[in-house]
Amino acid sequence: MKLHKTRLAPTPSGYLHLGNVISFLITVSLAKKHGAKILLRIDDLDQKRVRSEYIQDIFDTLEFLEIPYDEGPRDSKEFLKDYSQVHRIPIYKDIIYELIDKNLIFSCDCSRKTLLNKHPKKWYTGTCLHRNIPLWKSQTSLRLKTEKNASVDLNTYSKGQKSYILPRAMDFFMVQKKDRFASYQLASMADDMSFGIDLIVRGMDLLPSTIAQVYLSNQLDDNKFIHSTFHHHLLIKKEGKKLSKSIGSYSISQMRKAGMKKESIYQLAGKYLNLKSTVSNLEEFSSLFLSSIPQSSK
């Protein structure tokens, strides 16, 4: 398996936690095995949630844990100047215009309350599909016209090519939000194609997003995304709940303030992944992790 480039893609909407770090370590380990370059790509398009201290925390955490990367910003100033997603808005717009030309999107003005009234999990049921709302009307989002039970093929790291059905939760998924910024699904896919990423490591909770993004890329004339290889790792949980920024789970910043050393955080990461031996640095983590994960021969 020849892989060329992967990425670390944190979102500066909170302080990085242990789950983020474990995903980084898995990404770096796979990149090391395959000789792939590593890009640092900070996903800051949701500007309302971005804070400068969260951006700085990303650089501080990577430096503290000595997690390497080959491309991308080296500090907050360089990130804002050259690498913020706001610089790639024209790329996202070009994709939106292509979808419009192909009559593949429609406008939606549904509120969160409307979504909840239509479905208990707020899954979109196509309320605005045939309402013919003008595409550029204010306070509307743009959604993709998806096919029911559409099949999507993914190249997986451990099991080769697998077919998935587009999840119900991703029916008519959003490609542009009401604030006119690209949705996560579109921006993430566009960035990976733009930077030439062909190895994408994510938590298992993002498998539906991966399926949606590959489905979206299949609608485009220039579909580099179809050649990407995906590895979805098991979620890191505490007391049965996924570690997340929203509940302040195991913030690396908090650990450091409590006096935890780099070696202790590596030990904790290895413990959560049930690695066979105690690890205290990246080299030890990579060696044990790579020996525990199968790789597809295709």
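Computed from a predicted structure; not experimentally measured.
- Under the 3.5 Å distance criterion, the side-chain polar atoms of S84 are left unmatched by any main-chain donor or acceptor of H87.
- Not a single donor-acceptor pair under 3.5 Å links the side chain of H4 to the backbone N or O of L199.
- Put simply, the side chain of K32 never gets that close to the backbone of S286: no donor and acceptor are under 3.5 Å apart.
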Stepwise side-chain contact (heavy atoms from CB on, under 4.5 Å) check, T210 with Y164: CA-CA 10 Å; T210 296; Y164 293 89; over 6 Å; no
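- Here OG of S107 is found 11.5 Å from CG of L129. Values are rounded to the nearest 0.5 Å.
- Residues Y215 and F106 fall into different hydrophobic clusters, defined by Ile, Leu, Val, Met, Phe, Trp and Tyr side chains chained together at heavy-atom separations under 4.5 Å.
- Within a 6.0 Å radius of CZ in R180, other residues, nucleotides and ligands contribute more than 12 heavy atoms.
- To the nearest 0.5 Å, the span separating CZ on F79 from CD1 on I55 amounts to 5.0 Å.
- For R74, the CZ atom counts as densely surrounded, since its 6.0 Å shell holds more than 12 non-hydrogen atoms of other residues, nucleotides or ligands.
- By the 6.0 Å contact criterion, NZ on K159 is open, its count of non-hydrogen atoms from other residues, nucleotides or ligands being 12 or less.
- In this structure, I211 is not a member of the same hydrophobic cluster as L234, with clusters built from ILVMFWY side-chain heavy atoms closer than 4.5 Å.
- No side-chain donor-acceptor contact under 3.5 Å links K5 to the backbone of L39.
- Environment of NZ in K81: sparse, with no more than 12 heavy atoms of neighbouring residues, nucleotides or ligands closer than 6.0 Å.
- Within a 6.0 Å sphere centred on CG of L116, other residues, nucleotides and ligands contribute more than 12 heavy atoms.
- Taking both residues in full, the closest heavy atoms of A36 and L3 are given as CB-O, 3.6 Å, listed atom of the first, atom of the second, then distance.
- Contact between F173 and M170 at its shortest, heavy atoms only, is CD2-O, 3.1 Å.
- Less than 6.0 angstrom separates the ring centroid of Y157 from the ring centroid of H34.
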Stepwise side-chain contact (heavy atoms from CB on, under 4.5 Å) check, D46 with F181: CA-CA 8 Å; D46 191 354; F181 283 111; over 6 Å; no
Donor-acceptor pairs are to be reported for all side-chain atoms of residues 274-282 against protein atoms at under 3.5 Å, with residues two or more places apart or in another chain.
residue: S280; atom: OG; partner: E284; partner atom: OE1; Å: 3.0
residue: N281; atom: OD1; partner: E283; partner atom: N; Å: 3.2
residue: N281; atom: OD1; partner: E284; partner atom: N; Å: 2.8

Side-chain atoms of residues 57-69: list all donor-acceptor pairs with protein atoms under 3.5 Å, sequence neighbours left out, distances to 0.1 Å.
residue: D57; atom: OD2; partner: L16; partner atom: N; Å: 2.8
residue: D60; atom: OD1; partner: Q56; partner atom: NE2; Å: 2.9
residue: T61; atom: OG1; partner: D57; partner atom: O; Å: 2.8
residue: E66; atom: OE1; partner: K262; partner atom: NZ; Å: 3.1
residue: Y69; atom: OH; partner: P73; partner atom: O; Å: 2.5

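- The hydrophobic clustering, which links ILVMFWY residues whose side-chain heavy atoms are closer than 4.5 Å, places I200 and L166 together.
- Within the 4.5 Å cutoff, the side chain of F289 has heavy atoms near those of the L30 side chain.
- A parallel orientation is assigned to the rings of H119 and W123, their planes being inclined by less than 30° (bins at 30° and 60°).
- For the atom pair L45 CG and D179 CG, the distance stands at 7.5 Å (nearest 0.5 Å).
- Cluster membership for L290 and V28, using ILVMFWY side-chain heavy atoms within less than 4.5 angstrom, is shared.
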Kindly list each side-chain donor-acceptor pair under 3.5 angstrom involving residues 182-193, sequence neighbours excluded, with atom names and distances?
residue: S183; atom: OG; partner: M174; partner atom: O; Å: 2.7
residue: S183; atom: OG; partner: L186; partner atom: N; Å: 3.3
residue: Q185; atom: OE1; partner: Q213; partner atom: NE2; Å: 3.0
residue: Q185; atom: NE2; partner: S209; partner atom: OG; Å: 3.1
residue: S188; atom: OG; partner: R41; partner atom: NH2; Å: 3.4
residue: S188; atom: OG; partner: R202; partner atom: NH2; Å: 3.2
residue: D191; atom: OD1; partner: R88; partner atom: NE; Å: 2.7
residue: D191; atom: OD1; partner: Y92; partner atom: OH; Å: 2.8
residue: D191; atom: OD2; partner: Q85; partner atom: NE2; Å: 2.8
residue: D191; atom: OD2; partner: R88; partner atom: NH2; Å: 3.1
residue: D191; atom: OD2; partner: Y92; partner atom: OH; Å: 3.2
residue: D192; atom: OD1; partner: R7; partner atom: NE; Å: 2.8
residue: D192; atom: OD1; partner: R41; partner atom: NH1; Å: 2.6
residue: D192; atom: OD2; partner: R7; partner atom: NH2; Å: 3.2

Test side-chain contact (heavy atoms from CB on, under 4.5 Å) applied to I293 and H231, step by step: CA-CA 11 Å; I293 180 174; H231 175 64; 3.2 Å; yes
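- Contact between Q176 and S141 at its shortest, heavy atoms only, is O-CB, 3.2 Å.
- Inter-residue side-chain proximity for L268 and M255 is flagged as met; some heavy-atom pair is nearer than 4.5 Å.
- In this structure, CD1 on I89 lies 12.0 Å from CD1 on I96, to the nearest 0.5 angstrom.
- At distances below 3.5 Å, not a single donor-acceptor pair connects side-chain atoms of S23 with backbone N or O atoms of N20.
- Residues passing the side-chain contact (heavy atoms from CB on, under 4.5 Å) test with Y54 are P12, Y15, R51, sequence neighbours excluded.
- Minimum heavy-atom separation, C110 to Y124: SG-CE1, 3.9 Å.
- Closest heavy-atom contact between L99 and V175: CD1-CG1, 4.5 Å.
- A donor-acceptor contact under 3.5 angstrom links the side chains of S217 and N223, judged on distance only.
- Closest approach of T146 to F172, counting heavy atoms only: OG1-N, 2.9 Å.
- Checking side-chain atoms of D109 against main-chain N and O of T140 turns up no donor-acceptor pair under 3.5 Å.
- Connection of L154 to L216 is established within a shared hydrophobic cluster, with ILVMFWY side chains joined at heavy-atom distances below 4.5 Å, either directly or through further cluster members.
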Working for side-chain contact (heavy atoms from CB on, under 4.5 Å), residues L135 and I100: CA-CA 9 Å; L135 293 180; I100 290 174; 4.0 Å; yes
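- Partners of S228 according to the side chain to side chain donor-acceptor pair (under 3.5 Å) rule, which considers only residues two or more places apart in sequence or in another chain, do not exist here.
- A distance of 14.0 Å separates OH of Y272 from CD of Q267, quoted to the nearest 0.5 Å.
- By the salt bridge (Lys or Arg N to Asp or Glu O under 4.0 Å) test, D198 pairs with no residue at all, sequence neighbours left out.
- The CD atom of E71 lies 10.5 Å from the CG atom of L40; values are rounded to the nearest 0.5 Å.
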